[in-house]
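Beneath this line is the structure, given in structure tokens, with notes to follow.
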Amino acid sequence: MSEPKPDQPGAEASNLLAERREKLDRLRTAGIDPFPHDFPDREEIASVLAEHQRLEAGTETDSVHRVAGRVVARRGHGKAAFIDLRGPSGQIQLHAKADVLGEDAFSLLDDLDLGDILGVEGRVVVTRRGQLSIEVSSWQILAKSLRPPPDKFHGLEDTETRYRRRELDLIANQESREIFRVRARTVSSIRRWLDDHDFFEVETPVLQPLYGGALARPFTTHHHTLDRELYLRIATELYLKRCVVGGIDRVYELGKDFRNEGISPKHNPEFTMLEWYEAYADYAKTASDLESLVSEVATDVLGRPRIERDGKEIDLAPPWRRVTLRDAILDCTGIDIEKETGRESLAAAMEVELEETVGWGKLVDTLFSKRVEPTLIEPTFVLDYPVELSPFAKAHREKEGVVERWEAFIGGVEIANSFTELNDPDEQRRRFEQQAGELDRGDEETQPYDETFIEALEQGMPPTGGVGLGIDRLVMMLTGTHSLREVVLFPAMRD
RNA sequence: GCCCCCGUAGCUCAGCUGGUUAGAGCUGCAGGCUUUUAACCUGUGAGUCGUCGGUUCGAAUCCGACCGGGGGCACCA
């Protein structure tokens, strides 16, 4: 942060900044370091509160504690003052009194501002109104705040500022702090579940010579020394399968994928994805694993396998509903995709214009996501997708033209995708060639041919089930939010 | 990329059928108050009304373009 320049608009726009700097100077003049190096032997505010529950109003204990946190409110009373101090674990009231602190230490409190980081020591007392407090016997400023905090009562409402300056949102809004706490607990609970089920965590390249594993446009970047284009990964799929070939039978990776596509309440250019692969399993096993994982993680994080969404309770406990893609579409729209097997006839049944680049599979996908997906509120597995949409899934063991694949939906949002993985290298080669055909028709979101991956399959990959779970979307479900930006700390924004 | 809505003090908001010097609460500053908790009381400071241009005697207010945000459509997970 640079020094404010008086000529610059904004620097002197408010004297609020100048006044805080004057206080900073006064502290220094008084020989006080406004940015000391530490504050040892501190206790969490929550543990101090927990230790002194249910004391009578007016109680004065001999129990001395040291706590630190941010000053969030102040109420002066002449020769006394109340200060609300907040840390990550909770908030506690400080009672500063001139007769306890001495005139000098008390009057220096005048140079405190809302937002300052403060460390105090004192005994626990309970006020006449029954408010547990620390009667301050000494205090120390731990960091001077040079900018005013958001409104102490209304918080920070402006959506743009909440996303661009998330630290202010976190300071001002309890709900926002809680969302990210749920997110952190969710991620750690998922890892625990996978580790407990003998999965092996790996890290594969983010910068890739060839992207793959999903149908999406990639970001490109350039490596100077190698002098070549690299792609930011759109999925971890192909590398993780190579791990399975290598004998890591249960493997997972939890990290960021990047897709160069539009931004919406359900899409951020970078997002957190979990993929796991289990050798000798198929898509029925991955489905039962996913419903167990989500249900157990929800119980771990929320205390129950249920969420609330738009005022409705949704039960996440297994078993989830299972419906084939064909039946789901038939139920919602009356269109039978087993009968409308041509591009023209399906487009006609859908009553839409048929565009050059749109294949039959894409039409099915459009039909499904427009008409069916929003209705899938209760947790649902949609099974058996057309082969056109699924270049890495194995053909169905009984049904013609479809692959063993499911997508899982909660609250009308897709949260996971899975298949019985294709492990026949020759069939995989044909799928890549078919995707190349799509590319020729002008579809930019297709799968490039990956010879290294084919060679890995030729080495021999056991039958395998794989899953991709969208972590951001799962957190949306667990927090009852409706935008990815509410669960991503620093979402993508324009300059 | 297209359509709709929004942008006033550090924060939360009034004002917007064009008309004196743009208001309030919180925050800030000065003062009072030793049990308050959205503390209170007195006084007081703070705004290129998103930006640029246009209409007009006069624009926060009407019109246009642009910037930023939100929602929807398209595309996607």
Side-chain angles (χ1 to χ4, degrees), chain A residues 9-10 12-20 22-23 57-58 60 72-84 91-101 106 110 113-115 125-133 135 145-165 168 171-172 213-217 234-235 257-273 275 355 357-358 362 365-366 369-370 373 407-409 413-417 443-445 468-474 476 482-485 491 493-495:
Chain A
E12 67 154 12
S14 165
N15 55 14
L16 295 176
L17 300 182
E19 275 153 0
R20 281 172 182 253
E22 280 168 26
K23 290 179 188 172
E60 298 189 0
V72 295
R74 187 158 61 152
R75 299 170 290 281
H77 276 270
K79 297 295 180 199
F82 296 96
I83 293 168
D84 292 333
Q91 185 172 314
I92 195 165
Q93 175 171 281
L94 310 178
H95 192 184
K97 299 200 278 190
D99 57 355
V100 175
L101 272 170
F106 183 80
D110 282 343
D113 280 307
L114 295 185
V125 298
V126 181
T127 65
R128 227 178 261 168
R129 299 285 180 97
Q131 174 70 55
L132 183 78
S133 307
E135 185 189 79
S145 170
L146 294 172
R147 290 181 179 273
D151 190 283
K152 67 181 178 186
F153 181 65
H154 298 94
L156 181 64
E157 303 277 330
D158 182 73
T159 311
E160 183 172 358
T161 311
R162 288 185 48 237
Y163 296 162
R164 284 189 191 276
R165 303 226 32 222
L168 296 182
I171 288 170
L215 305 179
R217 293 173 66 181
I234 58 172
D257 287 347
F258 307 83
R259 297 189 185 174
N260 206 340
E261 286 158 358
I263 297 176
S264 85
K266 292 195 191 75
H267 301 87
N268 198 54
E270 56 180 294
F271 59 103
T272 304
M273 177 73 106
E275 289 190 36
E355 291 169 46
T357 63
V358 174
K362 204 101 182 174
D365 190 45
T366 302
S369 37
K370 296 275 295 182
E373 189 173 324
E407 291 185 316
F409 299 84
V413 175
E414 183 194 339
I415 63 154
N417 179 25
D443 190 340
E444 294 183 71
E445 285 160 356
L469 171 62
I471 300 300
D472 314 273
R473 289 181 173 184
L474 177 63
M476 276 173 68
H482 290 81
S483 171
L484 219 57
R485 293 168 175 203
M493 303 288 271
R494 284 174 206 275
D495 279 339

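Naming: A, B, ... by sequence-line order, numbering from 1 per chain. This is a predicted model, so every value here is computed, not measured.
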Length of the NZ-P vector between A:Lys362 and B:A74, whole Å:
14 Å
Out of B:U34, B:U35, B:G68, minimum distance to the side chain of A:Glu160 belongs to B:G68
Toward the 5' end of RNA chain B, by each residue's nearest nucleotide, A:His154 or A:Asp99
A:His154
Taking B:G25, B:U36, B:A74 as options, the one with an atom nearest any side-chain atom of A:Lys370 is B:A74
Span that lies between the P atom of B:A22 and that of B:G47, in whole angstrom:
12 Å
Categorize A:Pro149 for me: base, sugar-phosphate, or nothing, with a 4.0 angstrom heavy-atom threshold over every strand shown.
nothing
Does A:Lys152 make a side-chain N or O approach to OP1 or OP2 of B:A39 shorter than 4.0 Å?
yes
From B:G71, B:G45, B:A38, pick the nucleotide closest to the side chain of A:Pro265?
B:G71
To the nearest angstrom, how far is A:Asn268 atom CG from B:C75 atom P?
20 Å
Value in whole Å for how far the P atom of B:A38 lies from CD of A:Gln91:
11 Å
For nucleotides B:A24 and B:U42, find the distance between their P atoms and express it as a whole number of Å.
14 Å
Taking B:A39, B:C11, B:G71 as options, the one with an atom nearest any side-chain atom of A:Arg75 is B:A39
For the side chain of A:Phe82, starting at C-beta, report the closest nucleotide among B:C13, B:U36, B:G69.
B:U36
Taking the side chain of A:Thr127 as its heavy atoms from C-beta onward, which of B:G45, B:U12, B:U36 lies nearest to it?
B:U36
To the nearest 0.5 Å, what is the distance between CG (A:Leu474) and CD1 (A:Ile415)?
5.5 Å
Answer yes or no: is there an ion pair linking A:Lys23 with A:Asp110, defined by an N-O contact shorter than 4.0 Å?
no
Taking only the side-chain nitrogens and oxygens of A:Arg494, find out if one of them lies under 4.0 Å from OP1 or OP2 of B:C67.
no
For B:G45, the nucleotide meeting Watson-Crick or G-U wobble distances (both under 3.5 Å) is none
To the nearest Å, give me how far apart CG (A:Leu17) and C1' (B:C11) are.
13 Å
What's the closest nucleotide to the side chain of A:Ala80 if the choices are B:U34, B:C11, B:U35?
B:U34
Which whole number of Å gives the distance between the C1' atom of B:G25 and that of B:A39?
15 Å
In whole Å, measure the gap between the P atoms of B:C6 and B:U17 for me.
13 Å
Base, sugar-phosphate or nothing for A:Phe271? Non-hydrogen atoms, less than 4.0 Å.
base
Between CD1 of A:Ile83 and P of B:U35 the distance, given in whole Å, is 16 Å
Under 4.0 Å, counting only non-hydrogen atoms across every strand here, what does A:Gly58 touch: a base, just sugar-phosphate, or nothing?
nothing
Option from A:Arg75, A:Arg74, A:Lys152 for which side-chain hydrogen bond (donor to acceptor under 3.5 Å, both in side chains) with A:Asp84 holds:
A:Arg75
The side chain of A:Gln131 lies closest to which of these nucleotides: B:A38, B:U36, B:U27?
B:U36
Using a 4.0 Å heavy-atom cut-off across all strands, classify A:Met273 as base, sugar-phosphate, or nothing.
nothing
Rounded to the Å, how far apart are A:Arg162 CZ and B:G69 C1'?
13 Å
Testing B:C26, B:U35, B:U34 for proximity to the side chain of A:Arg128, the answer is B:U35
Distance below 4.0 Å between A:Arg129 side-chain N/O and B:U37 OP1 or OP2:
yes
Side chains of A:Gln131 and A:His95: does their closest heavy-atom pair fall under 4.5 Å?
no
Selected nucleotide, minimal atom distance to A:Ser133 side chain, candidates B:U36, B:C26, B:A46:
B:U36
Euclidean distance for C1', B:C33 against B:G43 (whole angstrom):
16 Å
For B:G45 versus B:C29, give the span between their P atoms, rounded off to a whole number of Å.
15 Å
OP1, OP2 of B:U35 versus side-chain N and O of A:Lys97: anything below 4.0 Å?
no
Using the C1' atom in both, what is the distance from B:U61 to B:G18, to the nearest Å?
6 Å
Would you mind classifying the nucleic acid contact of A:Gln93 as base, sugar-phosphate or nothing, using non-hydrogen atoms under 4.0 angstrom?
base
Over all heavy atoms of both residues, which pair between A:Ala235 and A:Arg259 is shortest? Give the atoms and the distance, please.
CB-NH2, 4.2 Å
For the pair made of NZ in A:Lys266 and P in B:A74, what is the distance, rounded to whole Å?
11 Å
How long is the straight-line distance from CG of A:Leu114 back to CD1 of A:Ile171, given to the nearest 0.5 Å?
11.5 Å
Rounded to whole Å, the CG-P distance (A:Asp158 to B:C5) equals 19 Å
For A:Leu484 and A:Arg164, find the nucleotide of RNA chain B closest to each by heavy atoms; which residue's nucleotide sits nearer the 5' end?
A:Arg164
Roughly how many Å apart are B:U27 and B:C63, using the C1' atom of each and rounding to a whole number?
37 Å
